[in-house]
Every structure is written in C-alpha cells, then in structure tokens.
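By convention in this document, chain letters (A, B, ...) are assigned in the order of the sequence lines, proteins followed by strands, and residues within each chain are numbered from 1. We use all heavy atoms of the structure for the numbers below, so side chains are in, but hydrogens, waters and symmetry mates are not.
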There are 2 protein chains.
Amino acid sequence: MPRTTDGDGTPVPQRLLNAATRLFAEQGYDRTSVQEIVEAAGVTKGALYHYFGSKDDLLHEVYARVLRVQQERLDHFSTMDAPVEKRLRGAAADVVVTTIENLDDAMIFFRSMHHLSPEKNKQVRAERRRYHEQFRALIEEGQREGVFSTATPADLVVDYHFGSVHHLSTWYRPDGPLTPQQVADHLADLLLRALRP
Amino acid sequence: MPRTTDGDGTPVPQRLLNAATRLFAEQGYDRTSVQEIVEAAGVTKGALYHYFGSKDDLLHEVYARVLRVQQERLDHFSTMDAPVEKRLRGAAADVVVTTIENLDDAMIFFRSMHHLSPEKNKQVRAERRRYHEQFRALIEEGQREGVFSTATPADLVVDYHFGSVHHLSTWYRPDGPLTPQQVADHLADLLLRALRP
DNA sequence: TTACACATACCGACTGGTTAGTCTGGTCAT
DNA sequence: ATGACCAGACTAACCAGTCGGTATGTGTAA
C-alpha cells in the first residue's frame, strides 16, 4: 500500500472529506472548486477521483456522516429507560450540542441539500424523515400520557424545534457568551415549557 | 419612454426581478445563469445590465424587498396600542404568514446570503440585526412587566422563534393540510406558551 | 531469493463546455 | 434627432471530469 497517508497520519480520503467540509461550509458548494479541495488536502485531482466518483459524492458523504451520527444519538435517547419528559429533553438538548460541535456539517446540511443529485437528495430526505418521525413519536407518547399539551400537532412541534437547531449555524459563535451545553439546556427548556399542559 | 413594458403591462425591471426570484428559489443562485433569467423575463442581457449592475445586484434587490416588508410589518405591531402579549403574538404570527406568502423570498434569504458580495452581506446583516433587536425589545418589555418568564435570555428566544420561521421554507407546502394562518397561530402559540411564567 | 506480473494509489496536463459581463449597433417615443 | 432602452454576438476566465502515465506495493513461480 503506497502513500495513503502523507505528512500527517490522516488517510487521503479523510483529508479530502475534511477539506471539502470546511470549504463547503465557508464558501458554499458551488463556489468551491475541485481544485481548491485537492490543494487544501495536499493532493491532486487524480487522488480525489480515485476515491470519490464525483464532487457530488463528496457532498453526499458529508450528509451520510451527519445522518448516521444523529440517528445513533436519537436511538440512544429514544430507548432510554426513563419518563418521556426526560427522554425528550435529553434528545432535544443532545441534538443541539451535537449540531454546535459540528457547525460546519450543519451549515452544509441545511444550505446545500439542493446541490445533491435527485436520487441522493431523495435518499437523504427519506433518512431525514425517519429521524423526524422518531422524534415526533416521543412527543405523541407524552401527549397520550397527558404530560404534554395537545394544543399543537406533534409534527409542528418537531418542526418548531428543528427550525431552531437548523438556525444555530447562522447565529451561534464559539467565542460567544454561551457554551454549547448552556444553549442546549435553554432550547430544550423552551421546548418543554411550550409543551406544558 | 420606449418599451419598458412588453406583452403584459409589467415593467421590465419588475419582470427581471420576478423571474430571478423564482429561479433563484428553484435552482439556487449559482445554478441560475443570467441567460436563463433574461429568457424567463422575455428580454436579453442588454436589458438586464441596463437596469442592474450585476447578477449580485439582482440578489441584493430580493433581500432589500424582503427586509423592507418585514421591517414595516414589525413596526406596525411594535407600536400598536395593546398589551405586550398581544403585540408579540401579533408580530410573531404575522411574520409566519408573510414568510409563507413569500416562500421563494424566504428560501433565497436563508440559503443564499453567502452569495452576496461582502459589503452587501454586511449591509443586509445590519438591517437584519435591527429587526432582531426590535423583536427582542418586545420580549424584554414583557419580561420586565412580569408577563413573560425570564428563564431564557430574550436573545435566545428570538433565535428560537426565527429558527422556526427560517425553517418554514423547507417543510411548508401550500397544498398541505394547514393554512398559513393556522401555522402562524400554532407557532405563535408555542412561543407564548414557552414564555409563560 | 530473484524476477516478473499485477494491483493499488496517485499525478497533472488536457478537453469540452459553461458563464458573467462587455460592446457595438440598433429602435422608438418624444 | 436625441437619448433612454434594448438586442445579441463576443470574450476571457473558469471548471468538472478524463486519461495516459508513474510509483510503490503484493503474490507467485523458478
């Protein structure tokens, strides 16, 4: 196996993904040329097209990574052995922390979906929908038990919360006054307070 | 004044802006060529570059229009003669309705900011900030009066709400089950319920 | 152990195509 | 006839993806 790593120990595909993620978040997908990506990763086009089928594939990988992580996290909180308020609060706060810790990914996720090819876009939407429905199920469970208000349809509540998560990448600054955990606690609080019967 | 209008009665600059708005929302700024815009508007490049300095200018005009409308609306509700809960609820619901009625604008607004030139971007951010602060002032007023909870900083509450507004363009469908007004009432409800002391 | 085949990892010049913006030359109401 | 308004060919730059080529490994048979 020849130089799959170079300089640092990070394998070339990883280096390419990292560079692409940063550049896509900074300048957007269309404004980032393949040439820039390979230069930032310290390789050439040959390497990129050796590991990835297209520029589009690179973007898709970013999505796949985000979806995988978020789904795993939600599974964890969904299946916890605790009252539904605690499970929902845990999940709601966790997605905020995770999003802040990967702001670049979040930025790309919500800003660049329309750059994915139609099939990939469809696939991402399907996985996203599954996530959404699992989250909604938590709220509906609480509504059935009477611990959450039924004034607002669960679907809308989910969109309300994820709107704020989505929005994080446009206003949160790591050098701001609030830590990720503090923001997460506040946003989860707002959700739970809105759901009080 | 020669044919500033043509075919229909709409003046050419308007036709160009309308075409650009629709195309930017459908395909994104970068994926839309100037050629497509002028064809959709039924003119040629000469006309576009007669009225607008650049493609970027066209985008900026979309932003200017949105900002102007939203600011006017907020001013109206801010200065209303009514208790602060009513003023906040009115403003919160109205921005939802307005956003749904101009989903294309909203889509462009949140997805294409980074395509604006640096100065224009800065200008838009400044006006946006003014809007944000005026909205925040409403919440702080209610908090001082004791009608809103002070558990969450007003800034965060504003971002929470505008996150959901921002998010509308990704999930709201005109052919869905809820009318714009119904969505607006629900989202305003969630905000006010979260703010109950 | 050497020799040779084969595979994997990567390089970088090149191609075909697209794009924003320019420029020259009209046209038409007043 | 004059100037605001517009047509459309043209240019210079850029970009995703290709392709022939090189380098370094691994397996295998003499």
Undergrad: B:Leu58 has an atom CG; how far is it from atom P of C:dG21, in whole Å?
TA: 10 Å
Undergrad: Between A:Phe109 and A:Phe24, does the ring centroid distance fall short of 6.0 Å?
TA: no
Undergrad: So, the side chain of B:Tyr63 versus the backbone of B:Ile108: is there a donor-acceptor pair under 3.5 Å, distance only?
TA: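 Such a contact is found between B:Tyr63 side chain and B:Ile108 backbone.
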Undergrad: For B:Leu67, does its backbone N or O pair with a side-chain atom of B:Gln70 as donor and acceptor, under 3.5 Å?
TA: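 Between the backbone of B:Leu67 and the side chain of B:Gln70 there is no qualifying donor-acceptor contact (under 3.5 Å).
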Undergrad: Starting the side chain at C-beta, find the nucleotide from D:dT18, C:dC11, C:dG21 nearest to B:Tyr49.
TA: C:dG21
Undergrad: Have A:His115 and A:Asp30 got a donor and an acceptor in their side chains that come within less than 3.5 Å?
TA: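 Note: A:His115 and A:Asp30 side chains meet the donor-acceptor criterion.
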Undergrad: Looking at B:Gly163, is its backbone amide N or carbonyl O close enough to the side chain of A:Tyr160 to form a donor-acceptor pair, meaning the two atoms are under 3.5 Å apart?
TA: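 Pair absent, no side-chain N/O of A:Tyr160 close to backbone of B:Gly163.
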Undergrad: Just how far, in rounded Å, is C1' of D:dC15 from OH of A:Tyr29?
TA: 12 Å
Undergrad: For residues 185-195 of chain A, please give each side-chain donor-acceptor pair under 3.5 Å, one per line with the distance, not counting sequence neighbours.
TA:
from, atom 1, to, atom 2, distance (Å)
A:Asp185, OD1, A:Gln181, NE2, 3.2
A:His186, ND1, A:Gln182, O, 3.4
A:Asp189, OD1, A:Arg89, NH1, 3.1
A:Asp189, OD1, A:Arg89, NH2, 2.8
A:Arg193, NE, B:Ala194, O, 3.1
A:Arg193, NH2, B:Ser149, OG, 2.9
A:Arg193, NH2, B:Arg196, O, 2.7

Undergrad: Atom pairs, N/O to N/O, protein against nucleotides 14-19 of chain C, distance under 3.5 Å?
TA:
none

Undergrad: Expressed as a whole number of angstroms, how long is the span from B:Leu16:CG to D:dC6:C1'?
TA: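 Atom CG in B:Leu16 sits about 11 Å away from atom C1' in D:dC6.
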Undergrad: Of the listed nucleotides (D:dC5, D:dA7, C:dC11), which one gets closest to any side-chain atom of B:Val43?
TA: D:dA7
Undergrad: Between atom CG in A:Leu48 and atom P in D:dC19, what is the gap in whole Å?
TA: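 Interatomic distance, CG of A:Leu48 to P of D:dC19: 16 Å.
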Undergrad: Establish, with yes or no, whether the OP1 or OP2 oxygen of D:dC6 is under 4.0 angstrom from a side-chain nitrogen or oxygen of B:His50.
TA: no
